[in-house]
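Below, each value reflects all heavy atoms present in this structure, side chains not excepted, and no hydrogens, waters or symmetry copies. Chain naming here is simple, since letters A, B, ... match the order of the sequence lines and numbering starts at 1 in each.
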Amino acid sequence: MKLNELICNKMAKIVKIDLPDLKYKQRLEELGFFIGNEIKVLFFSIFKQTLLVTVFNNCFAIKTNIAKYIEVKLI
Amino acid sequence: MKKILIVGNPNTGKSTLFNSLTYSNEHVGNWHGVTVKEKSKIIKYKNEEFEIVDLPGLYSVNCFSYEEEVSLNTIKANKDAYIFYLANANTLERNLLLFIQLASLNLNLKILINNYESFEKNGKSLDIKKLKSFLNCDIEIINAKTIKLNEDLLKFNKNKIKNNNFNLNCNNSAEIYKNIKNICSNAIKYSKDSVYGISKIDKFILKPYFFIPLFIFLLFFCLFLIFFLIGPVFTDLLTWLLNFCIKMPIVNLLKNINCYSWIINIFDQAIFATVITLCSFVPQVFLLYVFLNVMEESGLISRTAFMLDDLLNKVGLNGKCVYTMLMGFGCNTSSCFTCNAMPDKQSKIKTAILTPFMSCSAKLPVYTVVASAILGVNNFWLIFSLYLLGMVVALLISLILEKTVLKSKSDKFIIEFPELKFANINTVFKNAFISCKQFVAKVFAIILSMSVILWLLNNLNFKFMFVGSYSQSMLYYISKSISWIFKPLGLNSAGIVSSLLVGLMAKELIVSSMLIFNNASSYQFLISSLTISGSAVCFTKSIGISFLVFVLLYAPCISTIAVMKKEIGLKWTVFALILQFGVAYLVTMAIYSIICFSLFKLIISLICLFFVVTALKLISTKKINNNKCLKCVNCNSYRTI
């Protein structure tokens, strides 16, 4: 399941990050988006193009076009 | 002299710590990326001098933006410096990543943990001893708002972290995080599950159909307070006070000692009228900055950026531009600096071009004076409409730029959510006070001297002889010679054209010039003189509205232009100026023609707008063709620039 398909407030685990831009992938990992880490979607924006997620006890707003490269598994 | 660098992730309180240690008043805010350039100050402690340097925040040593590079380069260039590594207790795990990366550079590091109170409130506790033994580094819990330089703070041990628990050659952040997780699971105790950055209130306000009306309501409410409810009362009071206590005694004294009449006139009309009129707007400027600081300090700007990101994407903007745009309501010049936080060059250029469309505090006196003159006390709706018009025009121009010359790269919006909290009254008032101080300083430093020059230009002819009236002055002839340009906008009076010209230097000068041209010695006289036919600057309702729209949209002041040149280069600054003049001209012409029911002018302005968009489209097509890969036939790829 892609991160942007995750239902709000359901805890999941990151299983794969397939981002083609390696520099950006590295930045995501540095912010806590790494394989095995737990993640939860809190809110979606108006047109569901941006989502608010919590990872590593922090909150980040990220775009759907990034979230679709992050594969997650429900816990 | 020993150098102390303040380093850490964004929004951990580095500038607050810098202010506390150096007794400075640098701008701080609850938003990542408030500091975009390094700041330093030398202080003396026990007969020893220390240079304290505040660096922009960075997440890791693998830089991702300009300000991160600035920080890392400074750290690498000062390997012998003491480094205060400031960490937010609430996000300690993530903050430790950068610390571990920096430790591998063999630096003199000391961890300072900030925001410990809110960490404890969230039901967590930290075992400092355990953390110290794991990291083998000095750790101190501080309150960045109150701490002062002391002996304990300056005790540094050369870090020996490389002998300890980490594999520092590890570039894989996931591996480092595994180590951090192990450490923190021992050192941090959680008594309840909570997420930093999100509060219960967020669950109510972060609903799409609730937040945007709430944001518009907040803006409306703030402007209502500034321009209608509270602002005018204080403005009138301050005008009366300054006139009574400063102006009248000095002018009377000059008259009593039989001073030359031209000297009395300079003091009366150029100096006192300008200073008192502009200073009387300080309460309104103060309220405006209080609103902006509350938005910033409470964490509402991040929420606005998140909620508006989708809408802004539709017109080719990035959610992060919300901060720059909102700060533009205060001062366009300082907000242009924050364009650096944009993720790509196109977004940065676009944001810098669009920021001057936001009504800055310098335009506030112009709006109040002209709107009061043409509409009396019921001027609030006109002023509110001007604020909205600025935002709408900025969005439309962004859309045109996106479709033509400034197409954004794929959007990689990512922002960290700061805590939503009650704005600290002290910080809010302190920041607003500093901004007002800058406003008053500008009035005294630039506006005052410019007003005297303006007064001379208004009273001298080309032979440098004193003339009795504005219609014989050199400024009149200069303005008259170009006034035909503004005729389609209804602004062809020489006085109005002169005001617009001097407004290029600083927008505050527009009011100052009106005072001088109309020989008005106070704010009240000016308002009444602006509707008297025969005055040098005279407005009817339609001309007044046309004038305000033009002032809202035409080029920013000279200091903003200078910052734009520095941030986006000469080519884009010239483009921005031409665009702003063009847009101001066309929109004003369209609005003026609607007010005057002139279908002909409306059609002309729409045709002109069509030609401008077509021209931009042609330029962008040419640019794309120039960048096409020429190596192979039928290749649709583009050269990367």
Side-chain angles (χ1 to χ4, degrees), chain A residues 3-4 6-72 75, chain B residues 9 59-65 88 90-94 97-98 101 122 124 171-178 180-181 184 188 190 193-198 202-203 206-209 211-212 302-303 305-311 313-314 318-319 343 410-419:
Chain A
L3 177 62
N4 56 316
L6 195 65
I7 302 163
C8 282
N9 294 315
K10 293 275 181 199
M11 189 62 90
K13 204 169 230 184
I14 299 172
V15 288
K16 197 176 173 188
I17 301 174
D18 247 350
L19 212 68
D21 184 340
L22 293 178
K23 205 178 167 195
Y24 201 77
K25 185 183 171 189
Q26 188 180 27
R27 174 44 52 104
L28 280 179
E29 282 179 354
E30 285 160 357
L31 293 175
F33 294 80
F34 55 85
I35 294 166
N37 207 7
E38 289 175 355
I39 194 163
K40 189 160 81 173
V41 176
L42 296 172
F43 295 102
F44 283 96
S45 62
I46 301 176
F47 303 122
K48 299 204 168 186
Q49 292 301 304
T50 315
L51 46 153
L52 191 67
V53 297
T54 164
V55 63
F56 227 158
N57 200 34
N58 296 177
C59 268
F60 292 100
I62 65 165
K63 296 293 294 183
T64 309
N65 59 8
I66 301 295
K68 71 182 179 192
Y69 291 111
I70 302 171
E71 222 164 276
V72 295
I75 299 175
Chain B
N9 279 192
Y59 283 111
S60 108
V61 291
N62 306 307
C63 296
F64 205 68
S65 63
N88 183 346
N90 296 292
T91 55
L92 190 62
E93 293 101 321
R94 204 200 59 227
L97 175 87
L98 175 65
Q101 288 175 332
N122 286 332
K124 295 168 193 168
N171 277 326
N172 187 347
S173 43
E175 285 297 315
I176 299 178
Y177 270 132
K178 272 179 195 164
I180 293 171
K181 267 191 166 181
C184 290
I188 300 177
Y190 301 83
D193 190 30
S194 64
V195 178
Y196 175 71
I198 281 291
D202 280 315
K203 284 170 189 162
L206 286 179
K207 301 271 186 279
Y209 301 105
F211 191 85
I212 294 172
S302 309
R303 273 113 189 120
F306 167 64
M307 295 310 293
L308 295 184
D309 184 55
D310 281 3
L311 290 173
N313 275 175
K314 301 268 178 212
N318 188 297
S410 62
D411 188 20
K412 286 168 182 169
F413 174 81
I414 183 157
I415 56 165
E416 189 186 345
F417 247 49
E419 198 180 9

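- Between atom CZ of residue A:Phe43 and atom CZ of residue B:Phe211 there is a gap of 11.5 Å, rounded to the nearest 0.5 Å.
- Taking CG of B:Asn9 as the reference point, atom CG of A:Leu31 lies at 8.5 Å (rounded to 0.5 Å).
- Counting only N and O atoms by type, the side chains of A:Gln49 and B:Asn313 include no donor and acceptor under 3.5 Å apart.
- Atom CD1 of A:Ile46 sits about 3.0 Å away from atom CD1 of B:Ile212, to the nearest 0.5 Å.
- A side-chain contact (heavy atoms from CB on, under 4.5 Å) with B:Ser60 holds for exactly one of A:Arg27, A:Glu29, A:Gln26; it is A:Arg27.
- Crowding of A:Ile7 atom CD1: a count of heavy atoms from other residues, nucleotides or ligands under 6.0 Å not exceeding 12.
- For B:Cys63, the part lying under 4.5 angstrom from a heavy atom of chain A is the backbone only.
- Taking 4.5 Å as the limit, some side-chain heavy atom of A:Lys63 sits within range of a side-chain heavy atom of B:Asp309.
- Of the N and O atoms on the side chains of B:Asp310 and A:Ser45, at least one donor lies less than 3.5 Å from an acceptor on the other residue.
- With a threshold of 4.5 angstrom between heavy atoms, A:Phe60 approaches chain B through its backbone and through its side chain.
- At least one side-chain heavy atom of B:Leu206 sits under 4.5 Å from a side-chain heavy atom of A:Leu52.
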| field | Derivation and outcome, side chain to side chain contact (heavy atoms under 4.5 Å, CB included), residues A:Asn37 and B:Lys181 | value | CA-CA 10 Å; A:Asn37 207 7; B:Lys181 267 191 166 181; 3.1 Å; yes

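- Looking at B:Lys178, there are no atoms closer than 4.5 Å to chain A (heavy atoms on both sides), in backbone or side chain.
- Within the 4.5 Å cutoff, no side-chain heavy atoms of B:Phe64 are placed close to those of A:Glu30.
- Here B:Tyr177 and A:Phe56 bring their ring centres to under 6.0 angstrom of each other.
- Counting only heavy atoms from C-beta outward, the side chains of A:Asn58 and B:Phe417 never approach each other to under 4.5 Å.
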